[in-house]
Amino acid sequence: MNRNGPPSLKLRTGKQKYMNKYNPKKIEAKWQKHWTKNKIYNAKDSVKGKKNFYHLVMFPYPSGDLHIGHWYNFAPADVYARMKKMQGFNVMSPIGFDSFGLPAENAAIKRGIHPCEWTYKNIETMTKQLESMGNMYDWSRKIITSDPEYYKWTQWMFLQLYKKGLAYKKKAAANWCPKCHTVLANEQVIDGRCERCESEVIQRNIEQWLFRITKYADRLLKDLDKVDWPEKTKIMQKNWIGKSEGALIKFEIRSTKSETNTKYKILNTKYFLEVFTTRADTIFGCTYVVVAPEHKIISNLKSQISNLNEVNKYIKESGHKLEKERLTENKQKTGVEIKGIKAVNPATSKEVPIFVADYVLGHYGTGAIMAVPAYDERDLEFAQKFNLAIIKAPLVLQDEIIKKLGAQKIINYKLRDWLVSRQRYWGAPIPIVYCPKCGAVAVPEKDLPVLLPKVKDYLPTEEGKSPLAHSKDFVNTKCPKCKDLAERETDTMDTFVCSSWYYLRYTDPKNKHKPFDKLRVKKWLPVDMYVGGAEHTVLHLLYSRFFTKALKDLGPPAGGLNFDEPFMALRHQGTILGSDGQKMSKSRGNVVDPDELVKNFGTDVVRMYLCFMAEYSQGGPWNPTGIMGISRFLERVWKLQCRLSHSRRLCDSRLLHKTIKKITEDIENFKFNTAVSSLMILVNEMEKNKELRIKNYELLLKLISPFAPHLAEELWFQLGNKKSIFLSAWPKYDPKKTKEETINFVVQINGKMRDIFEIPPGISQKEARVLTLKRQNVKKWIGGKTVKRVIFIPNKLINIVI
RNA sequence: GCCGAAGUGGCGGAAUUGGCAUACGCGCACGACUUAAAAUCGUGUGGAGAAAUCCAUGAGGGUUCAAAUCCCUCCUUCGGCACCA
């Protein structure tokens with residue numbers, strides 16, 4: 001250890017020049033090796049006398065390059081984890097790779113390399129990059145979601161959900177990306193476009209697998225109260241789940257055979273059209289009703305509809321529309337009246353026309369609405385276009401009318417079931433076999449994993465089938481039940497399925513018999529602190545919460561978890577922009593390369609600058625010269641060693657205690673920028689004295705160690721310590737010493753600051769007044785005028801109103 | 001359109017139960033060291049003014065002894081949702 005430097009700093013005091021130079025490259029490599037060798041960051045499942053603390057960052061996708069955004073997520077998070085460790089927690093901070101999924105595949109296709117090779121090569125590169133950060137990861141728990149040892153259990157999870165009816169297959173319109181050749185979950189469609197390639201998404205009828213997340217809508221909403229998450233994120237999830245309370249109201253249908261006959265009659269078998277509304281109070285103003293194109297009334301009553309051809313033509317046209325067209329801003333409302341039938345407004349008993357229009361959504365509520373143009377903008381627009389009656393009828397009491405009409409109160413959610421099948425190669429195969437006799441059969445658990453074959457032909461196809469469908473070896477199998485010839489499901493799972501349970505696997509990454517050991521999970525979960533991007537608000541974060549709840553409900557052996565929220569606390573990092581204030585992109589040429597920065601400044605400088613440069617949740621533009629400030633600062637910390645002495649002279653014990661308090665609280669609150677600033681103030685102060693007590697230097701090293709772990713460790717050992725600084729205790733402060741000895745007392749005249757002087761704490765208003773009025777400055781400002789009023793804030797200020 | 005966050009020196013940003021606006025850093029200027037430069041160290045640095053002082057936290061109003069902070073109206077930027085009845 002430390003063969004090149006002096007054996008110990010203890011003797012180097014006073015005039016002696018520091019002999020060794022701060023060489024980040026050398027010490028960073030040295031300590032990274034040392035930490036790995038001594039496994040100081042490997043977490044044991046329990047340590048006597050220590051509380052477990054599960055610290056988690058969102059695991060990266062192996063894109064092949066650890067960019068500055070990753071650094072901004074991981075480095076400050078590591079500062080937090082290191083402080084927790086030093087505060088005496090048994091911290092687990094694992095890392096892995098979310099390696100299945102569309103983007104890897106697209107990139108692989110672009111470069112003509114097999115997705116598998118591409119992915120694992122990237123994992124290798126990124127592992128090295130991650131190691132260069134010097135974070136306190138427990139590498140022994142590394143997981144890779146595309147490893148059969150991992151996706152075996154992803155498949156197992158699917159089967160548990162399937163057995164409980166939480167996974168099901170159905171044929172229905174789904175979001176289809178024509179470029180990626182796959183269906184997408186609702187959450188993956190942004191502005192009517194594919195979130196990956198930005199192609200316009202179209203609706204396509206395809207057989208697909210879904211998870212019944214809607215069953216958990218209410219709990220997903222309610223349990224948000226249990227977690228310490230950014231309010232913004234909670235609100236976004238709430239909006240996404242979209243709860244609304246309303247009523248189902250039945251409109252009876254009357255019909256006539258001919259268009260000229262104006263008399264409508266009740267049908268032989270009574271038929272009711274049910275609408276969902278949150279505004280039952282406006283029912284007297286309902287002048288027509290609208291059904292969605294896919295509403296079953298059209299086929300059910302087709303014999304009664306006199307303009308069936310026209311209606312069917314409209315339905316066909318609206319079905320061909322792009323999802324985007326249906327939702328754009330220049331949405332011109334379209335529709336067709338369904339002639340031959342009328343609906344009866346149950347409140348007024350009047351007959352109203354029925355329309356089919358695609359501004360009503362088939363999948364929400366009952367797919368039918370009562371239109372009240374006087375109280376609803378959308379209905380108004382439609383009514384104006386089609387010349388329909390607009391009646392501003394007085395509102396009635398909601399509850400009373402619901403009762404009177406015998407309507408049913410219900411709750412609706414915007415949330416839709418999670419579509420998990422993908423017609424792509426690079427994912428975990430869905431473990432289902434189709435048998436001509438037995439139908440869909442789950443692959444027995446003992447036969448898992450269903451291995452993803454390494455096929456040459458991994459390109460996606462337009463026909464709506466996974467590339468796996470071309471692999472006969474894969475498709476052809478035997479029915480697990482009757483042993484007859486059968487075929488495998490060829491779709492793979494959405495990568496978000498893999499990431500919905502990875503935080504559980506970290507507790508038991510090598511388990512061959514179970515996805516995880518329940519006791520181990522109990523020791524670590526729920527996650528104490530989760531740090532990652534806000535872009536996952538309605539995807540990963542919602543899905544993981546669903547998984548946790550489902551696993552809890554499933555009970556043993558699948559789950560039986562004793563918690564129903566996976567992440568108790570959550571923090572988001574902001575986005576780092578290029579120095580031009582724009583999003584970083586290769587075409588703009590404003591990309592910041594962290595490897596280059598590490599090469600030039602060292603990891604510690606990069607870590608600390610990321611902490612310092614902005615408010616963490618905010619982020620902001622990269623300032624290429626700002627990093628110099630941190631580089632200089634660490635250099636100065638290094639050089640402080642030439643001032644070391646055994647003298648009992650303290651730098652300023654109040655400042656020391658105040659700094660400990662400030663930094664501890666700032667890190668706890670993810671205010672890394674002001675924590676670094678406090679460190680700078682402390683160092684500025686220490687530099688003012690010629691001598692620095694070793695004890696105080698050690699304290700500084702501890703405070704700086706989460707930010708600049710390598711530098712702190714090096715200097716810590718140079719001082720003669722034999723154990724890692726990260727095994728030492730985080731400094732504590734004396735609350736008494738964080739208070740000022742004297743107070744800078746502010747004098748305001750008419751609310752403006754005119755004087756300031758020192759007072760001992762705790763003096764009374766009377767004393768303060770006397771002292772104040774004696775001051776020359778104050779006399780000048782009062783100038784013989786009458787004092788009308790005096791406001792005194794103890795230990796702060798006095799305001800004299802004249 | 002709806003929901004949310006934000007707007008402070010030349011720049012990144014501090015300051016929030018209302019109480020010294022601009023901490024800390026970058027940049028800049030001057031000085032020391034140097035043959036010189038870099039590095040380093042020191043001093044200064046919101047604007048106007050000779051000064052006393054005045055003016056400044058997106059704009060305009062308000063509440064208050066006192067407002068970056070609270071209220072109202074508006075503007076701008078960013079993030080999310082977007083025919084969900």
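Chain letters run A, B, ... following the sequence lines, proteins first, then strands; residues in each count from 1.
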Does a side-chain N or O of A/Arg632 approach OP1 or OP2 of B/C26 to a distance below 4.0 Å, or not?
yes
Syn or anti for B/G42, with syn set at within 90° of 0?
anti
What does A/Lys788 touch in the nucleic acid at a heavy-atom separation under 4.0 angstrom: a base, only the sugar-phosphate, or nothing?
nothing
Identify, between A/Lys243 and A/Val538, the residue whose nearest nucleotide on RNA chain B lies closer to the 5' end.
A/Val538
Taking atom P of B/C2 as reference, at what distance in whole Å does atom NZ of A/Lys414 sit?
14 Å
Between A/Ile791 (CD1) and B/A66 (P), how many Å, whole number?
8 Å
Under 4.0 Å between a side-chain N/O of A/Lys752 and OP1 or OP2 of B/C55, yes or no?
yes
At under 4.0 Å between heavy atoms, what does A/Ser244 touch on the DNA or RNA strands: base, sugar-phosphate, or nothing?
sugar-phosphate
Can you tell me how far C1' in B/A59 sits from the matching atom in B/G4, rounded to whole Å?
22 Å
Begin from the C-alpha positions of A/Tyr413 and A/Trp240 and carry the test ring pair (Phe, Tyr, Trp, His ring centres under 6.0 Å) through to its verdict.
CA-CA 9 Å; A/Tyr413 298 94; A/Trp240 188 261; over 10 Å; no
Side chains of A/Thr625 and A/Asn623, donor plus acceptor under 3.5 Å
yes
In short, salt bridge (Lys or Arg N to Asp or Glu O under 4.0 Å) pairs touching residues 273-288 of chain A with sequence neighbours left out are A/Arg279-A/Asp281
Under the side-chain contact (heavy atoms from CB on, under 4.5 Å) criterion, do A/Val787 and A/Arg769 qualify, and how do the steps go?
CA-CA 11 Å; A/Val787 174; A/Arg769 188 176 173 153; 4.2 Å; yes
Given the structure, check if the side chain of A/Glu377 and the base of B/G1 hold any donor-acceptor pair shorter than 3.5 Å.
no
Among residues 229-237 of chain A, which ones have heavy-atom contacts with RNA chain B below 4.0 Å?
A/Lys232, A/Ile235, A/Met236
Donor-acceptor pair, A/Arg789 side chain versus A/Ile800 backbone, under 3.5 Å?
no
Using the P atom as the point on both nucleotides, what is the distance between B/C74 and B/G1, in whole Å?
12 Å
Counting only side-chain nitrogens and oxygens, does A/Arg279 get under 4.0 Å of the OP1 or OP2 atom of B/A85?
no
Contacts of A/Tyr288 meeting ring-ring contact (aromatic ring centres under 6.0 Å, His included) (sequence neighbours excluded), chain-then-number -> A/Phe355, A/Phe382
Integer angstrom distance from the C1' of B/U16 to that of B/A68:
9 Å
Dot-bracket line, read 5' to 3' along RNA chain B, where crossing pairs take [ ] and | marks a partner on another strand, Watson-Crick or G-U under 3.5 Å:
(((((((..(((......[....)))((((((.......))))))(((....)))..(((((..]....))))))))))))....
Here the distance between atom C1' of B/G12 and atom CZ of A/Phe672, to the nearest Å, is 18 Å
Separation of B/G80 atom P from A/Ile241 atom CD1, nearest Å, is 18 Å
Can you tell which of B/A85, B/C20, B/C65 lies closest to the side chain of A/Asn799?
B/C65
What integer number of Å spans the C1' atoms of B/A56 and B/G49?
15 Å
A/Phe792 vs A/Phe745 aromatic rings, parallel, tilted or perpendicular, using cut-offs 30° and 60°?
tilted
Show each protein N/O and nucleotides 46-53 of chain B N/O combination with a separation under 3.5 Å, one pair to a line.
unit_1: B/U53; atom_1: OP1; unit_2: A/Lys780; atom_2: NZ; d: 3.0

Atom CD1 of A/Ile802 and atom P of B/C65: how far apart are they, to the nearest Å?
16 Å
Hey, is the main chain of A/Thr537 close enough, under 3.5 Å, to the side chain of A/Gln237 for a donor-acceptor pair?
yes
Looking at A/Ser585, is its backbone amide N or carbonyl O close enough to the side chain of A/Asn590 to form a donor-acceptor pair, meaning the two atoms are under 3.5 Å apart?
yes
Within this structure, what is the CG-to-C1' distance between A/Asn239 and B/G1, rounded to whole angstrom?
14 Å
Between protein and nucleic acid, restricted to nucleotides 13-18 of chain B and to nitrogen or oxygen atoms under 3.5 Å apart, what atom pairs and distances do you find?
unit_1: B/G13; atom_1: OP1; unit_2: A/Gly619; atom_2: O; d: 3.4
unit_1: B/G13; atom_1: O3'; unit_2: A/Asn673; atom_2: ND2; d: 3.3
unit_1: B/A14; atom_1: OP1; unit_2: A/Asn673; atom_2: ND2; d: 2.9

Taking the nucleotide of RNA chain B with the nearest heavy atom to each, does A/Met628 or A/Ile369 sit closer to the 5' end?
A/Met628
State whether the side chain of A/Tyr375 and the backbone N or O of A/Ala393 hold a donor-acceptor pair below 3.5 Å, judged by distance alone.
yes
Give, for atom CD1 of A/Ile253 and atom CD1 of A/Ile297, the distance between the pair rounded to the nearest 0.5 Å.
4.0 Å
Whole-angstrom distance between B/U17 and B/U69, as gauged at atom P
13 Å
Please determine, for the side chain of A/Val746, which listed nucleotide (B/C3, B/C20, B/C83) has the closest atom?
B/C20
In whole Å, what is the span from the CE atom of A/Met753 to the P atom of B/A66?
17 Å
Scan side-chain atoms only and decide if A/Asn684 and A/Arg636 contain a donor-acceptor pair under the 3.5 Å cut-off.
yes
Nearest to the side chain of A/Ile681, heavy atoms from C-beta on, is which of B/C65, B/G19, B/A23?
B/A23
Rounded P spacing from B/A50 to B/U34 in Å:
38 Å
Just wondering, more than 12 heavy atoms not from A/Lys796 lying within 6.0 Å of its NZ?
no
Does B/A85 have OP1 or OP2 under 4.0 Å away from a side-chain N or O of A/Tyr364?
yes
Counting any heavy atom closer than 4.0 Å, what does A/Asp379 reach on the DNA or RNA strands: base, sugar-phosphate only, or nothing?
nothing
Nucleotide B/G42, atom C1' - distance to NZ of A/Lys688 in whole Å:
13 Å
Any luck finding a side-chain donor-acceptor pair between A/Tyr364 and A/Ser244 under 3.5 Å?
yes
For atom P, what is the distance between B/A37 and B/C28, given to the nearest Å?
16 Å
Under 3.5 Å, is there a donor-acceptor pair between the side chain of A/Asn795 and the main chain of A/Ile743?
no
When the C1' atoms of B/A5 and B/G46 are compared, how many Å lie between them, rounded to an integer?
27 Å
Does A/Tyr616 have its ring centroid less than 6.0 Å away from the ring centroid of A/Tyr72?
yes
Of the listed B/C3, B/A85, B/G79, the closest approach to the A/Lys583 side chain comes from B/G79
So does A/Lys671 pair up with A/Glu615, basic N to acidic O under 4.0 Å?
no
